[in-house]
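Computed from a predicted structure; not experimentally measured.
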Amino acid sequence: MRKVLGILTEDFRLYHDLVAALKARDVPFASLSFARRIPDTVGVVLTSPAEAHRIDDIDSSIGQALQLLRGKSEWEELRIGVDPGREPGVAIIGDGEVIDTRIAASPEAVAFHVRQAIRTFPAKDVRVRIGHGDPTNRDRVLNALSRDGLRVEIVDEAGTTHRSRQPDVDAAIDIARTSGQRVEPPFEIRPTPGEVREIQRRSRLDSGGVVTISSELAGAVARGDLSLEDAIARARRKEQRSKG
């Protein structure tokens, strides 16, 4: 799914300036509203410093409202399932009921959604369950969660593949409902040669064929130490220096 920028502000002057700047750069964007949930197609939200806290609160507010409708003040069991990938699926299950689902922007972003779920849906027993496939992105998720002191389990993903509109979310639901083996992160992340080559291929595509990043930079991207955009920028600067 190709992500776009979103503009979310009630400051008319800021909105006008952002729209003008994005149009001048021919950057696609979506106009958002605080009254509606941010679409999955939006990868980054532009807003004012004064309104930034309201963005984080949108999903929490919706979740809390649904919780009140169910007559819940606390759950017995909260199970959070994660289908690992570049944009992991996340499912939150309270006492056997699916109460929220998300698509995280990155493996590291899963930690934000987990913390938000725990704040929004208080529970006596919380467990985070992550599918065993895609070890590189799986371990990035685990490492992002390592400082939270949560019970984390790795689950066999066999049978969780779905042919549906949201296969990653549906897989996360199955993972959340399946007991796994408890693990203690952090882990050393070792990208495979194939993953490194795939990131190099993406760098060629994203740069319009101008740059192919080195295997070292691609490895850093695979480990989550560097964004692909930053890696491409570094490669371009190195190339410019060598020409100069």
Side-chain angles (χ1 to χ4, degrees), residues 1-4 37-45 59 79-93 98 100-117 127-146 148 150 152-181 183 185-206 213 217-232:
M1 182 188 299
R2 187 73 175 181
K3 299 287 187 177
V4 298
R37 185 168 182 165
I38 298 172
D40 293 337
T41 52
V42 174
V44 176
V45 175
D59 285 321
R79 301 293 181 256
I80 303 172
V82 181
D83 182 39
R86 285 169 51 191
E87 295 180 343
V90 181
I92 300 142
I93 295 181
V98 178
D100 200 0
T101 60
R102 310 277 180 88
I103 296 291
S106 68
E108 287 72 25
V110 169
F112 165 79
H113 294 293
V114 169
R115 293 168 194 141
Q116 191 178 57
R127 300 186 187 187
V128 181
R129 293 169 170 167
I130 303 173
H132 78 292
D134 195 346
T136 297
N137 287 316
R138 177 199 69 201
D139 289 348
R140 285 174 60 180
V141 173
L142 289 167
N143 289 353
L145 292 168
S146 62
D148 292 315
L150 299 169
V152 181
E153 301 173 358
I154 291 181
V155 172
D156 186 344
E157 287 188 64
T160 64
T161 302
H162 290 264
R163 293 181 178 179
S164 64
R165 293 182 60 186
Q166 290 187 300
D168 297 333
V169 165
D170 291 335
I173 292 171
D174 288 344
I175 290 166
R177 287 176 167 157
T178 305
S179 296
Q181 181 179 358
V183 293
F187 297 102
E188 182 179 358
I189 299 174
R190 297 179 177 177
T192 66
E195 289 171 328
V196 170
R197 288 193 297 270
E198 170 59 18
I199 290 171
Q200 289 179 299
R201 185 188 70 84
R202 285 167 48 205
S203 74
R204 286 194 296 275
L205 292 175
D206 287 10
I213 64 174
L217 283 174
V221 172
R223 292 190 298 272
D225 298 332
L226 196 66
S227 71
L228 182 56
E229 293 78 11
D230 286 341
I232 291 171

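Two residues are said to be in side-chain contact when any heavy atoms from C-beta on lie closer than 4.5 Å; Arg129 and Arg79 meet this criterion. For the pair Val141 and Pro107, the minimum side-chain heavy-atom distance is below 4.5 Å. In this structure, the side chains of Glu87 and Asp168 stay at 4.5 Å or more apart for every pair of heavy atoms. Contact annotation: the side chain of Arg202 approaches that of Leu228 to within less than 4.5 Å [non-hydrogen atoms, C-beta and beyond]. Here the side chains of Asp148 and Arg115 are in contact, with some heavy-atom distance below 4.5 Å. At least one side-chain heavy atom of Ile213 sits less than 4.5 Å from a side-chain heavy atom of Ile199.
With Val110 as the partner, the side chain to side chain contact (heavy atoms under 4.5 Å, CB included) test is satisfied by one option alone out of Val128, Val82, Asn137: Val82. When each of Arg138, Glu157, Glu153 is paired with Ile130, the side chain to side chain contact (heavy atoms under 4.5 Å, CB included) condition holds for Arg138 and for no other. Of the candidates Val90, Ile92, Ile80, Ile92 is the only one forming a side chain to side chain contact (heavy atoms under 4.5 Å, CB included) with Asp100.
Using modelled atom types, one finds no donor on one side chain facing an acceptor on the other under 3.5 Å when comparing Ser146 with Asn143.
Atom CD1 of Ile175 is separated from atom CZ of Arg177 by 12.5 Å, given to the nearest 0.5 angstrom. Rounded to the nearest 0.5 angstrom, Phe112 CZ and Arg102 CZ are separated by 7.0 Å. Between Thr136 atom OG1 and Glu195 atom CD the span is 3.5 Å, to the nearest 0.5 Å.
Using a 4.0 Å cut-off between a side-chain N of Lys or Arg and a carboxylate O of Asp or Glu, Glu188 and Arg190 qualify as a salt bridge.
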